[in-house]
J.: 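Take a look at the following structure, please.
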Number of protein chains: 2
Amino acid sequence: MNSARLDATFAALADPTRRAILARLALGEASVGELTEPFAMSQPAISKHLKVLELAGLISRGRDAQRRPCRIEAAPLADANAWLEEYRQLWETRFANLDALLEELKAAEKKPVRRKSRPS
Amino acid sequence: MNSARLDATFAALADPTRRAILARLALGEASVGELTEPFAMSQPAISKHLKVLELAGLISRGRDAQRRPCRIEAAPLADANAWLEEYRQLWETRFANLDALLEELKAAEKKPVRRKSRPS
DNA sequence: AATTTCCATAACCAATAAGTTATGTAACGA
DNA sequence: TCGTTACATAACTTATTGGTTATGGAAATT
């Protein structure tokens with residue numbers, strides 16, 4: 001629904017490290033240290049990624065002594081999913097239409113048609 | 001499946017102008033000029049966005065005299081959708097588990113597990 | 001009180017992104 | 001052939017991104 005929100009969500013998902021972090025968090029909460037370990041990257045770099053994910057609303061953080069356990073938030077994903085799903089359906093039907101059109105043109109091959117895009 | 005492909009797809013979707021372009025193309029093919037018109041932006045700017053979409057595989061372009069009609073490509077979207085859907089499901093079950101856990105903790109409240117604060 | 005652990009923040013750097021204006025170019029129409 | 005249309009490309013600017021090292025700060029341990 002909200003465009004800026006979708007911006008942030010998709011931008012956050014555009015980085016493989018952040019997707020890996022989300023994949024890890026899908027298995028359960030994890031501290032920053034635990035999230036840093038599997039990557040060949042400094043801890044501040046991971047902290048930055050976590051901030052991006054947090055600003056996008058994809059994760060939230062708690063407190064457990066010195067640890068800041070991260071957990072996933074499903075809502076923004078649902079929005080992104082809804083957006084994708086909506087257009088994916090449109091595009092697929094669109095493709096179906098296009099295929100039909102191509103078949104039609106193939107059949108009537110003798111006459112090349114110049115037309116602006118307005119298929120029915 | 002392919003990480004770089006997902007990178008490009010999500011990055012392409014992270015821009016509202018590009019999402020609007022895709023939404024427009026979902027209604028049918030359009031030329032660059034037609035795509036430029038609704039935006040308060042120069043034609044080269046739109047051409048750049050189109051290149052991003054094309055490199056991500058989200059659109060392809062044909063030839064119709066001087067026009068370069070753009071049409072949508074559904075495949076990368078399906079991949080992005082699949083990724084999202086997979087993790088969305090994981091996350092939702094994860095949340096269900098968390099909720100259950102919280103209920104459990106709430107019920108067994110008498111037993112403080114954390115040695116954070118001394119009992120009074 | 002001092003130290004250690006866990007994490008955030010600051011300051012910096014190189015690369016990329018998103019826009020601009022100006023210019024080049026392919027195809028059509030007169 | 002000449003001009004026009006439709007688009008791409010180049011060159012440039014500014015802002016953002018993704019990484020680094022160095023430092024700071026809160027909470028637990030000793």
Side-chain angles (χ1 to χ4, degrees), chain A residues 3-4 6-22 24-25 29-56 58-71 112-117, chain B residues 3-4 6-22 24-25 29-56 58-71 112-119:
Chain A
S3 180
L6 271 182
D7 289 7
T9 300
F10 283 127
L13 294 176
D15 186 279
T17 301
R18 286 193 292 264
R19 286 200 307 276
I21 288 174
L22 289 177
R24 166 64 185 82
L25 289 180
E29 286 193 7
S31 69
V32 176
E34 288 166 346
L35 291 174
T36 300
E37 194 197 352
F39 297 101
M41 205 177 299
S42 67
Q43 171 262 314
I46 299 295
S47 279
K48 275 194 173 186
H49 282 304
L50 292 176
K51 174 162 278 184
V52 172
L53 290 169
E54 188 178 25
L55 288 178
L58 285 166
I59 68 170
S60 61
R61 287 139 127 175
R63 259 274 179 209
D64 173 26
Q66 304 119 325
R67 315 229 169 77
R68 314 296 306 269
C70 300
R71 60 180 169 283
V113 193
R114 291 259 287 106
R115 33 135 68 152
K116 303 261 308 194
S117 58
Chain B
S3 180
L6 271 182
D7 288 8
T9 300
F10 283 127
L13 293 176
D15 187 280
T17 301
R18 287 193 289 263
R19 286 200 306 275
I21 289 174
L22 289 177
R24 166 64 184 83
L25 290 180
E29 286 194 7
S31 69
V32 176
E34 289 166 345
L35 291 174
T36 299
E37 194 198 352
F39 297 101
M41 207 179 295
S42 66
Q43 170 262 314
I46 298 296
S47 279
K48 275 194 173 184
H49 282 302
L50 292 176
K51 173 162 278 185
V52 171
L53 290 169
E54 187 178 26
L55 288 178
L58 286 166
I59 68 170
S60 62
R61 287 138 126 175
R63 259 277 180 209
D64 173 27
Q66 305 119 324
R67 315 231 167 78
R68 313 295 305 272
C70 300
R71 60 182 168 283
V113 199
R114 285 273 144 248
R115 58 258 189 218
K116 181 175 183 176
S117 58
R118 62 182 63 248

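Chain A is the first sequence line, chain B the second, and so forth, proteins listed ahead of strands; every chain is numbered from 1.
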J.: Would you mind telling me which residue lines up with the more 5' stretch of DNA chain C, A:Ser47 or A:Gln66, judged by nearest nucleotide?
T.: A:Gln66
J.: If only atom types and distance count, is the side chain of A:Arg19 paired as donor or acceptor with the main-chain N or O of B:Ser3 below 3.5 Å?
T.: yes
J.: I need the CG-P distance between B:Leu50 and D:dA6, as an integer number of Å.
T.: 16 Å
J.: Can you tell me the distance, in whole Å, between the CD atom of B:Glu34 and the P atom of D:dT5?
T.: 16 Å
J.: For B:Phe39 and C:dG19, give me the distance from atom CZ to atom P, rounded to whole Å.
T.: 10 Å
J.: Can you find a pair of side-chain heavy atoms, one from A:Gln66 and one from A:Ser31, that are under 4.5 Å apart?
T.: no
J.: Hey, is the side chain of A:Ser31 poking within less than 4.0 Å of OP1 or OP2 on C:dC6, counting only N and O atoms?
T.: no
J.: Would you say a side-chain N or O of B:Lys51 is under 4.0 Å from OP1 or OP2 of D:dC7?
T.: no
J.: When you measure from the side-chain N and O atoms of B:Arg61 to the phosphate of D:dA8, is any distance below 4.0 Å, counting only OP1 and OP2?
T.: yes
J.: Any side-chain N or O of B:Arg68 less than 4.0 Å from the OP1 or OP2 oxygen of C:dA26?
T.: no
J.: D:dT5 P sits how many Å from B:Glu37 CD, rounded?
T.: 16 Å
J.: Is any side-chain N or O of B:Arg67 closer than 4.0 Å to OP1 or OP2 of D:dA6?
T.: yes
J.: Yes or no on side chain to side chain contact (heavy atoms under 4.5 Å, CB included) for B:Glu54 and B:Cys70, after CA distance, side-chain angles and deciding distance?
T.: CA-CA 9 Å; B:Glu54 187 178 26; B:Cys70 300; over 6 Å; no
J.: Would you indicate which nucleotide in D:dA27, D:dA6, C:dT9 comes nearest to any side-chain atom of A:Ala65?
T.: D:dA27
J.: What side-chain donor-acceptor pairs closer than 3.5 Å can you find for residues 45-53 of chain A, not counting sequence neighbours?
T.:
| residue | atom | partner | partner atom | Å |
| --- | --- | --- | --- | --- |
| A:Ser47 | OG | A:Gln43 | NE2 | 3.0 |
| A:His49 | ND1 | A:Arg18 | NH1 | 3.1 |

J.: Taking CD1 from B:Ile59 and C1' from D:dC7, how many angstroms apart are they, rounded to a whole number?
T.: 13 Å
J.: Just how far, in rounded Å, is P of D:dC7 from CD1 of B:Ile21?
T.: 13 Å
J.: What is the separation between atom CD1 on B:Ile46 and atom C1' on D:dT9, rounded to the nearest whole Å?
T.: 16 Å
J.: Applying side chain to side chain contact (heavy atoms under 4.5 Å, CB included), run through B:Leu13 and A:Leu6 and close with a yes or a no.
T.: CA-CA 9 Å; B:Leu13 293 176; A:Leu6 271 182; over 6 Å; no
J.: For the backbone of A:Gly62 and the side chain of A:Arg68, can you confirm whether one donor and one acceptor N or O come within less than 3.5 Å of each other?
T.: yes
J.: In this structure, how many angstroms lie between the P atom of D:dT9 and the CG atom of B:Leu55, rounded?
T.: 11 Å
J.: Considering residues at least two apart in sequence or located in another chain, which fulfil the salt bridge (charged side-chain N to carboxylate O under 4.0 Å, His left out) criterion with A:Glu34?
T.: none
J.: Protein-nucleotides 16-22 of chain D N/O pairs closer than 3.5 Å?
T.:
| residue | atom | partner | partner atom | Å |
| --- | --- | --- | --- | --- |
| D:dG18 | OP1 | A:Arg18 | NH2 | 3.3 |
| D:dG18 | OP2 | A:Arg18 | NH1 | 3.1 |
| D:dG19 | OP2 | A:His49 | NE2 | 2.2 |
| D:dG19 | N7 | A:Lys48 | NZ | 3.1 |
| D:dG19 | O6 | A:Lys48 | NZ | 2.2 |
| D:dT20 | OP2 | A:Ser42 | N | 3.2 |
| D:dT20 | OP2 | A:Ser42 | OG | 2.7 |

